[in-house]
Amino acid sequence: MLTENPDLYRASQRARGADESLIDQLLAADTARRETIATYERLRAEQNAFSKKVGKAKGDERAALLAEVKELAAAVKSAQAESDTAAAKCTALQRSIPNLIIDGIPAGGEDDFTVVKHVGTIRDFKAEGFEPLDHLQIAEKLDAIDMERGAKVSGSRFYFLKGIGARLEIAMMNMALDVAMDHGFIPMITPTLVRPETMQGTGFDVEHDDEIYKLERDNLYLVGTSEVALAGYHADEIMDLSDGPIRYAGWSSCYRREAGSAGKDTRGIIRVHQFNKLEMFVYASVEDAEAEHEKLLAMEEDMLGRMELAYRVIDTAAGDLGMSAARKFDCEAWVPTQGTFRELTSTSNCTTFQARRLNIREREIVDGKAGKTRSVATLNGTLATTRWIVAILENHQNPDGSVNVPKALQPYLGGLEVLK
């Protein structure tokens, strides 16, 4: 598709604030790859023809032909090496170009998002006559989070969830799992260590991404989301989507180095190295992808509503998208002590980007008959994660430091109405 409409990809790169020249470099590399393949195949055919002549020749003629065959073999070997080099360059350039964005999303960087909507009423603590505590102050009063011992055991940005803190997260995750299952998602507990080809196929740059933890000795990577394992689950397979999309809900621990975030969100559990998450992942036919994206967003909003949180939905700008996303919606909850909205969930439509890299296809059905294969679309979205605790504690606190439990969450905490 890129070779057929390079201007579309140039415009996508421009909207992302990415390097447009990569498109021309890839086109040149693809031309070189095709030319070197043609040269190799021509020389290989000549070599095969000469081999037949040698088999029939005798005496001096055979000796002369053998000398030519030797030269030709060297030329074939050289042409093959050039072809392999050209193919490797082409592949490297392909991997460096992010997904083609969906038309209509905002261009620009992190601050150029479009607000889709606001939902709920921001609580006015001043009118209630008290100053809200931040989530860590509340959690320490509840003996729910222990940052000090987390740092003692593992270093900065690690923590212990303790007592009601641990129960709160498990309750929230179980509730999210029930929501997912009500929508036809298959629950999965996924590996948190994956091979480099799985990580790269999902859209992460294993060579240059400083966010990723790598186990050098084993050549394995710790995932920052179960999306990675779920994307690799059907790698090199032809899927049957004739009954509609296949949906998974992956529960896993996640790991991020938070490189480059020195001084940012150092207090509490907003930006940490390890957290738990329930991630939705969908395999769909291309025609169903945008409708599935809307469904994932609706499920995230439903969860926020059940947690009784004021939030906004933003359409993320192109320059703030990850490598694999063609479009991404973020749901951001209000955090009172920061006086701003903070991302709790996001959902991305990755179109066919991941499936092409991981060789995940479906077979087209034409007039009731199986036709050729084509890439599927993949989508992902977060339904619950450790960071939700921040918004729950801060928005539902009382003057005495206790916290009201959202009504929908109470059954998952044995009917508990107040944390104190």
Side-chain angles (χ1 to χ4, degrees), residues 105-128 130-139 145 157 168-169 172 175-176 179 224-225 254 256 258 260-261 263-272 275 277-280 293-294 296-322 325 327-349 380-397 403-404 406 408-409:
I105 74 167
E110 184 179 357
D111 298 324
D112 297 311
F113 57 83
T114 298
V115 177
V116 177
K117 60 180 168 179
H118 285 88
V119 179
T121 302
I122 293 173
R123 186 175 170 187
D124 188 349
F125 285 93
K126 188 174 288 187
E128 295 182 35
F130 76 100
E131 190 72 25
L133 302 177
D134 72 25
H135 73 279
L136 188 55
Q137 289 172 309
I138 301 166
I145 298 174
R157 299 186 190 262
L168 180 60
E169 175 165 297
M172 181 178 59
M175 177 179 160
V179 169
T225 167
C254 305
R256 294 182 186 173
E258 292 294 346
S261 65
K264 289 183 182 178
D265 299 318
T266 54
R267 182 172 170 78
I269 59 169
I270 289 180
R271 197 184 293 267
V272 290
F275 53 94
K277 186 160 65 137
L278 190 79
E279 185 78 359
M280 302 177 288
H293 200 193
E294 293 293 337
L296 293 179
L297 177 59
M299 289 175 67
E300 293 177 344
E301 290 195 65
D302 178 42
M303 275 291 293
L304 286 159
R306 293 180 191 221
M307 296 296 181
E308 302 169 25
L309 297 172
Y311 66 92
R312 70 180 182 185
V313 178
I314 67 168
D315 194 353
T316 307
D320 199 29
L321 295 176
R327 187 175 206 173
K328 180 166 76 82
F329 294 109
D330 287 349
C331 292
E332 302 179 331
W334 180 256
V335 178
T337 61
Q338 295 188 6
T340 190
F341 291 95
R342 297 300 299 264
E343 179 195 332
L344 289 196
T345 75
S346 67
T347 176
S348 298
N349 181 357
N380 63 78
T382 304
L383 204 51
T385 188
T386 302
R387 188 184 280 193
W388 284 59
I389 294 172
V390 173
I392 291 169
L393 294 181
E394 291 207 13
N395 282 283
H396 299 312
Q397 63 180 292
V403 177
N404 297 324
L409 195 57

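- Side-chain atoms of Gln397 do not come within 3.5 Å of backbone N or O of Ile138 as any donor-acceptor pair.
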Test side chain to side chain donor-acceptor pair (under 3.5 Å) applied to Glu169 and Thr386, step by step: CA-CA 7 Å; Glu169 175 165 297; Thr386 302; 2.7 Å; yes
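- A donor-acceptor pair under 3.5 Å is formed between the side chain of Asn395 and the backbone N or O of Trp334.
- Proximity of Asn380 to Thr225: side-chain heavy atoms (C-beta onward) are nowhere separated by under 4.5 Å.
- Residue pairs meeting the salt bridge (charged side-chain N to carboxylate O under 4.0 Å, His left out) criterion with at least one partner in residues 329-342, sequence neighbours excluded, are Asp265-Arg342, Arg312-Glu332, Lys328-Asp330.
- By the 4.5 Å heavy-atom criterion applied to side chains, His396 and Pro406 are counted as neighbours.
- Between Arg387 and Lys277, every side-chain heavy-atom pair lies at or beyond the 4.5 Å cut-off.
- Annotation for Ala107 and Asp112: closest pair O-CB, 3.4 Å, computed over non-hydrogen atoms.
- Salt bridge present: Arg123 and Glu128 bring a charged side-chain N and a carboxylate O closer than 4.0 Å.
- Arg306 contributes no side-chain N or O that, together with a main-chain N or O of Leu409, makes up a donor-acceptor pair within less than 3.5 Å.
- Ring centroids of Tyr311 and Phe341 are separated by 6.0 Å or more, keeping the two rings apart.
- Between Thr316 and Ile105 the shortest side-chain heavy-atom distance does not fall below 4.5 Å.
- Counting heavy atoms from C-beta on, the side chains of Leu297 and Val116 never come closer than 4.5 Å.
- Between Glu394 and Pro336, the shortest heavy-atom contact is OE1-CD, 3.5 Å.
- For Val272, the side chain to side chain contact (heavy atoms under 4.5 Å, CB included) partners are Tyr159, Ile269, Phe275, not counting sequence neighbours.
- Residues Val335 and His135 are not in side-chain contact: their nearest non-hydrogen atoms beyond the backbone lie 4.5 Å or more apart.
- When every heavy atom of Ala391 is checked against every heavy atom of Ala333, the shortest pair comes out as CB-CB, 4.1 Å.
- The side-chain heavy atoms of Met303 and Met307, taken from C-beta on, include a pair separated by under 4.5 Å.
- Each of Leu304, Leu344, Thr382 was checked for a side chain to side chain contact (heavy atoms under 4.5 Å, CB included) with Cys331, and the lone residue meeting it is Leu304.
- A side chain to side chain donor-acceptor pair (under 3.5 Å) with Arg327 is found for one member of Thr347, Asp315, Asn349 and no other, namely Asp315.
- Remark: the backbone N or O of Phe329 is not paired with any side-chain donor or acceptor of Ser346 at under 3.5 angstrom.
- We find the CD-OG1 distance between Glu279 and Thr345 to be 9.5 Å, quoted to the nearest 0.5 Å.
- If you take NE2 on His118 and OG1 on Thr121, they are separated by 11.5 Å, rounding to the nearest 0.5 Å.
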I'd like to know whether Gln338 forms a side chain to side chain contact (heavy atoms under 4.5 Å, CB included) with Ile270, so could you lay out the CA-CA distance, the side-chain angles of the two residues, the decisive distance to 0.1 Å, and finally the verdict. CA-CA 12 Å; Gln338 295 188 6; Ile270 289 180; 3.1 Å; yes
Test log, rule side chain to side chain contact (heavy atoms under 4.5 Å, CB included), inputs Lys117 and Glu301: CA-CA 11 Å; Lys117 60 180 168 179; Glu301 290 195 65; 3.0 Å; yes
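- Separation of atoms CD1 (Ile389) and CG (Leu136) is listed at 12.0 Å; rounding is to 0.5 Å.
- Looking only at side-chain heavy atoms (C-beta outward), Ile392 and Met172 come within less than 4.5 Å of each other.
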